[in-house]
Number of protein chains: 2
Amino acid sequence: MASKRVTLADVARLAGLSPTAASMILNGRPDTRLSQDAHDRVNAAAATLGYRPNVAARGLRTDKTRTIGFISDVVATTRFASGLIKGALDAAEAAGHVMLVMETGGEPARETEAIGAVLDRQVDGIVFATMRARELYVPDLPLGTNAVMLNATNPNHSTAVLPDELRGGRDAVELLVRAGHRDGIALIGQNDEVERDVFRSATVARRIAGIRSAMADHDLAFIAEQSIWLWEPEDGYLATKTLLDTRDDVRALLCMNDRVAFGAYQAIAERGLRVPDDISIVSFDNDELAAYLRPGLTTIALPHEAMGRRAVELLLHPTESGEILVPMPIVERHSISAPSA
Amino acid sequence: MASKRVTLADVARLAGLSPTAASMILNGRPDTRLSQDAHDRVNAAAATLGYRPNVAARGLRTDKTRTIGFISDVVATTRFASGLIKGALDAAEAAGHVMLVMETGGEPARETEAIGAVLDRQVDGIVFATMRARELYVPDLPLGTNAVMLNATNPNHSTAVLPDELRGGRDAVELLVRAGHRDGIALIGQNDEVERDVFRSATVARRIAGIRSAMADHDLAFIAEQSIWLWEPEDGYLATKTLLDTRDDVRALLCMNDRVAFGAYQAIAERGLRVPDDISIVSFDNDELAAYLRPGLTTIALPHEAMGRRAVELLLHPTESGEILVPMPIVERHSISAPSA
DNA sequence: TGACCTTGCTAAATGCATTTAGCAAATTTC
DNA sequence: GAAATTTGCTAAATGCATTTAGCAAGGTCA
């Protein structure tokens, strides 16, 4: 039959002391005047019995549960941003916390329910994450609940961990320029809606702002901008196909993400051209696809894991607030070469 | 200032009744003899105050927390199997439970720690998941803790949710046969280690067993078997390239997974051949890649979400035990056609 | 009218760890 | 040697919901 749980009282009894003493010793209370002998006896007793404090009972008293809530729209669900969870999980584990994961599909009702559910379990804080960085609706939280936004922003909760897209956008252009590209650069995935922000993402607008500012700094202009609404492989394929139908002076493609670049590869191959000899490509995200492509795709990575980690660290130790910008690593593979003469 | 939590006592006071009455009414106890009037007053009071039971306090008493533990090696982490989590999360939400997610990287020490952590939080049950279905080491659990294996097996915990790979393997062959393929079928990804099982996966051995049995039923034989160790795009590319170098009668490829098939597409395109006109391809997993490929890849899907859902349902309502085989859906896209004459 | 139910409700115990208040013995201080 | 500290430890309260045991008022049966 199920062996009963070992309680603090059991430990105290075995050590020949009161639960009070046992509690103080096991929690390492500093000012206590308990003897060394008492310490030894309690520690020994706890060890022999394999004592583990009941988190519920402790939480009832202290309001701390070493548990954090991770509420996201579709992060866990989708393969795109699962790095956010991984990073958060790592940081939580490192801090001796566990994570309650919830998905709301972005629906306000489920979101409210999710917040209630984690609050009922007295979480020490909540991370709100979104897949595509955007302004997130967050119902009022009881005062004193701390929260951090992950890949999201919200007017009521200023601490937000975001990728440094402005810098990332600049880096993508720099990569091309440094390889010698000046003419024949086209942009695939430009999108007014995105530039005007809001709908899709709070940060992708910055990506393109970075791109444009770096282009301007180098006195360059795109020879074409293929605007597409969705950024899936199919869209990238079509846009690139159209582009190649129209012009024959394309030497480099700046794709708004790796899935678009994936489609661009297909269109380029179909035309009998080669990456990077005929056309260089640089892109964003460092999706798993980027490594699978032949040749490997050079891309500016979305630092999902680092962001997830940072969010949890900030939740547990709020050392700074406001927008925390995490650098986007440059992942160089083989899709960029010097332009052919 | 932080508004105090509303407790059951508050509700009782407002309703002019004892906490006992309030508790019984809110929990819908059947045999109670409390008046309709009392019911109404308590419900009204709970509603006006926005009362939410403290899960820790309740758990202390009842040992039920409406929380389940999801312990995996690298499932959350990796994009491959995130569907397992999604399905589990859905089922948990549907049952009014929340999920504590932990990742152990497959390390026994972290695994033991994770089990301790979720047990400390009095979870109602634990789902143990692995990315690649395999026999999973699970430290002893206190008796009475229920557990189900997800995409994994374990001698001590018989309830295991697995994909029906045997059937899936057969279906892949059927797809080819039904399209008219009899000759010129090659297998990419055969691997003795896998067939002998254990190391890689408890279920992939069944996949290939299914393939072989269906081939035998139709009196067919592979014209070639390219054995590869890893099943990544690069490996599939190389294996297919080698195959095409050796023979020119290849009409159909049975790839052990979509990443291998992805590599096969690359090798086929490089040779100036076309899918499916020159070579049909069928594969396994229904990785996101499968939809991105041109033409779309027909594949036997790993039913991750359905599996995750099933595992949680079984954990909460153990209606059956042993191996629960979840069917692998056939996802038909455009990589199979009748063999050219 | 007295024994026995019902009905409608509540007091108090319980689960477990933490924490406040404080007691008794030993030691120090003047 | 009496008063004041210090040392070492504990009783009891607390947080919150659930649950067992049982009470008082009104009704029924004979």
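Remember, predicted model here, so these are calculated numbers, not experimental data. Chain letters run A, B, ... following the sequence lines, proteins first and then strands; every chain starts at 1.
In this structure, B:Val42 and B:Ile25 approach most closely via the heavy-atom pair CG2-CD1, 3.6 Å.
Projected onto DNA chain D by closest heavy-atom contact, B:Arg61 and A:Ala21 fall at different nucleotides, the more 5' of which corresponds to A:Ala21. Mapping A:Gly16 and B:Val55 onto DNA chain D via the closest heavy atom, the residue that lands nearer the 5' end is A:Gly16. Of the two residues contacting DNA chain C, namely A:Pro53 and B:Leu34, the nearest-nucleotide position lying further toward the 5' end is that of B:Leu34. Where B:Asp37 and B:Ala56 each meet DNA chain C at their nearest nucleotide, the meeting point lying more 5' is that of B:Asp37.
The pair B:Asp120-A:Arg5 meets the salt-bridge criterion, with a side-chain N (NZ, NE, NH1 or NH2) lying under 4.0 Å from an Asp/Glu carboxylate O. Under the 4.0 Å criterion applied to side-chain N and carboxylate O atoms, A:Glu103 and A:Arg110 are not assigned as salt-bridge partners. With respect to A:Glu113 and B:Arg52, a salt bridge is recorded, a charged nitrogen being found less than 4.0 Å from a carboxylate O. A salt bridge between B:Glu305 and B:Arg310 is absent, with no side-chain N of the basic residue lying under 4.0 Å from a carboxylate O of the acidic one.
Terminal axes of the helix from C:dT1-D:dA30 to C:dC30-D:dG1 (five pairs each, C1' rotation axis) are separated by 50°, to the nearest 10°.
Counting atom types as modelled, B:Thr7 pairs no side-chain N or O with a base atom of D:dA17 as donor and acceptor under 3.5 Å. Interface remark: the A:Ser35 side chain does not form any donor-acceptor pair with the D:dT7 base, using a distance-only criterion of under 3.5 Å.
Within the 4.5 Å cutoff, no side-chain heavy atoms of A:Val101 are placed close to those of B:Met99.
Going from atom CE of B:Met24 over to atom P of C:dT10 covers 9 Å, rounded to whole Å. A:Arg121 has its CZ atom 14 Å from the P atom of D:dA17, to the nearest Å. In this structure, CG of A:Leu26 is placed 16 Å from P of C:dC16, rounded to the nearest angstrom. Atom CD in A:Gln36 sits about 11 Å away from atom P in D:dC9, given to the nearest Å. In this structure, CZ of B:Arg58 is placed 13 Å from C1' of D:dT19, rounded to the nearest angstrom. Whole-Å rounding puts the B:Ile25 CD1 to D:dA17 P distance at 15 Å. Separating the CG atom of B:Leu17 from the P atom of D:dA17 is a distance of 16 Å, rounded to the nearest angstrom. Between B:Asp63 atom CG and C:dG15 atom P the separation is 11 Å, expressed in whole Å.
Remark: B:Asn54 is not in phosphate contact with D:dG15, judged by side-chain N or O atoms under 4.0 Å from OP1 or OP2. The side chain of A:Asn27 contributes an N or O atom lying less than 4.0 Å from OP1 or OP2 of C:dT18. Applying the 4.0 Å criterion to OP1 and OP2 of D:dT10, one finds that A:Thr20 has every side-chain N and O outside that range.
Each of B:Asn146, B:Val148, B:Leu141 was scored for a side chain to side chain contact (heavy atoms under 4.5 Å, CB included) with B:His157, with one residue passing: B:Leu141.
A:Ala38 comes within contact range of the sugar-phosphate backbone alone, with a heavy-atom separation under 4.0 Å but no base atom that close.
Residue B:Thr62 has its side chain nearest to D:dT18 when only D:dT18, D:dA12, C:dA12 are considered. Nearest to the side-chain atoms of A:Arg29 among the listed nucleotides C:dT19, C:dT18, C:dG15 stands C:dT19. Nearest to the side-chain atoms of A:Ala57 among the listed nucleotides C:dA17, D:dT18, D:dT20 stands C:dA17. Checked against D:dT19, C:dC9, C:dT19, the side chain of B:Arg33 finds its nearest nucleotide in C:dC9.
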side-chain hydrogen bond (donor to acceptor under 3.5 Å, both in side chains) assessment of A:Thr65 paired with A:Arg121: CA-CA 8 Å; A:Thr65 52; A:Arg121 288 163 181 83; over 6 Å; no
